[in-house]
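Structure first, then comments.
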There are 2 protein chains.
Amino acid sequence: MSLNRQEVVRAAVEVLDQYGLEDLTMRRLAGLLGVKAGALYWHVENKQTLLALVSDEILASPTGNTPDRDVADRNQGLAEGIRAWAGSFRTALLRHRDGAELVSSTLPVRLGSVDPGEPVRELLGRCGLSGQQRYCSRALVHFVLGHVTEEQTRSQLHELGVVGEFDARGEEEDFDRGLELLVTGVCALVR
Amino acid sequence: MSLNRQEVVRAAVEVLDQYGLEDLTMRRLAGLLGVKAGALYWHVENKQTLLALVSDEILASPTGNTPDRDVADRNQGLAEGIRAWAGSFRTALLRHRDGAELVSSTLPVRLGSVDPGEPVRELLGRCGLSGQQRYCSRALVHFVLGHVTEEQTRSQLHELGVVGEFDARGEEEDFDRGLELLVTGVCALVR
DNA sequence: ACCTGAACACCGTTCAAGT
DNA sequence: ACCTGAACACCGTTCAAGT
């Protein structure tokens, strides 16, 4: 029974969840798969593309946070659409240890095939903001990734006993209120 | 003539600018200083704190972008104050190769002593938004770091001939317009 | 087709021992 | 006080050779 790309990626997600991004090494992954490190290079070109595949897996997983399909068709719909997108994006990242850091590191390299900003650009297009899609989606994606990266880093530092408090409720509040700043800004663009 | 902490940090900034964050290794840094790698541990406790010191150096450097002192005292002053802060923050990051990535990685660990969000919290306080300081400054810092990280990564990929176009003018436009979304959102909080 | 063995060129960090 | 030498326990990647 031989390996294939999918199994390698799924095992990588397991290593990520158990040991974190820092300890997601080719040798450790090979160990979990009962194989030597060199064998992995038959299935993936290098570590960077493997990380891009893991990133795609994280972003492609459904979150149960999907918006009502027909809510998003005017101004109130724009705000709700952005909130729903941001919520499910954040949820997807939080599902895996170091999810936000991994996606952040992998995104600008453009090796992955899933673009988390795509749904929000589509939404903006439907709301008559075709000329504002690029910079609005960039701002929104950066906000979510930055916020969740900080959340996950702090929660891990807390678990290691390094830092004082970690208030999950407060983190979500800050996320929602910070997002609302962008929602207000985007909605103000609509005539 | 023996080394000291300051010289180590300054040499680290040189290595960063010439070789990038990935190649800022203790061995390479030691080489530049004419010393063996182990010697560095007499001056800094470990690599992570060294990176925090480098991050502080980057953030502490003046940018010539400082705002007019007495513009920032009402609503128009709030918007202008945020723009000035964001501009000088971005400029400081752009002064060094991988500046944004370094600061991002170092910030949540809280080993550094310079907090880039501090000036903006002070500004918000002066404008009657004391209850909104934390989440507003977080959103602003995440936006700037995320945007500049993407700018620097893309510009490097472009130099390596990996990716198509890199339009510095367009990047700055996206930055300004994205920032304006947050400026609008923050200003809407003022009664 | 898929994997092993073994190497190459690196890492960060520690620590006895030197001066 | 400050640094060397040498080691420890790792990395990602390549590639002849095996099956």
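Heavy atoms only: backbone and side chains are in, while hydrogens, waters and symmetry mates are out. Lettering of chains follows the sequences in order, A, B, ..., and the numbering in each one begins at 1. For clarity, every value in this text was computed on a predicted model and none was experimentally measured.
When distances are taken from the side chain of B:M26 to each of D:dC3, C:dG12, D:dG12, the shortest belongs to C:dG12. Ranking C:dT4, D:dC3, D:dG5 by closeness to the B:L3 side chain, first place goes to D:dC3. Comparing atom distances between the A:Y41 side chain and each of C:dT4, D:dG5, D:dT13 picks out D:dT13 as nearest.
In terms of position on DNA chain D, the residue among B:S2 and B:R27 whose nearest nucleotide sits closer to the 5' end is B:S2. Both A:V35 and B:D23 lie near DNA chain C, and the one whose nearest nucleotide falls closer to the 5' end is A:V35.
Rounded to whole Å, the distance from OH on A:Y19 to C1' on D:dC10 is 16 Å. In this entry the distance linking CG of B:L21 with P of C:dC11 reads 14 Å, nearest Å. Rounded to whole Å, atom P of D:dG12 lies 11 Å from atom CZ of A:R28. The nearest whole Å value for the distance from the CG atom in A:L24 to the C1' atom in D:dG12 is 12 Å. Here the P atom of nucleotide C:dT14 and the CG atom of B:L40 are 13 Å apart, to the nearest Å. Residue A:E22 contributes atom CD, which lies 12 Å from atom C1' of D:dC11 at whole-angstrom precision.
Straight-line distance between the P atoms of C:dA9 and D:dA9: roughly 23 Å, to the nearest whole Å.
OP1 and OP2 of C:dA1 both lie 4.0 Å or more from every side-chain N or O belonging to A:H43. Contact annotation: A:W42 reaches the phosphate of C:dC2 (side-chain N/O to OP1 or OP2, under 4.0 Å). The side chain of A:K36 places no N or O atom within less than 4.0 Å of a non-bridging phosphate oxygen (OP1 or OP2) of C:dC3. When the side-chain nitrogen and oxygen atoms of A:T25 are compared with OP1 and OP2 of D:dC11, one or more of them lie within a distance under 4.0 Å.
More than 12 heavy atoms of other residues, nucleotides or ligands sit less than 6.0 Å from atom CD of B:E118. B:R28 CZ: more than 12 foreign heavy atoms inside a 6.0 Å radius. Heavy atoms of other residues, nucleotides or ligands lying less than 6.0 angstrom from CD of B:Q48 number 12 at most.
Judged by distance alone, the side chains of B:E165 and B:H158 never bring a donor and an acceptor atom under 3.5 Å apart.
Using Watson-Crick or G-U wobble geometry with both donor-acceptor distances under 3.5 Å, C:dC11 finds no partner in any strand shown. D:dA16: Watson-Crick or G-U partner is C:dT4, with both key distances under 3.5 Å.
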Could you go step by step and tell me if A:F175 and A:F143 meet the ring-ring contact (aromatic ring centres under 6.0 Å, His included) rule? CA-CA 9 Å; A:F175 179 83; A:F143 168 73; 5.4 Å; yes
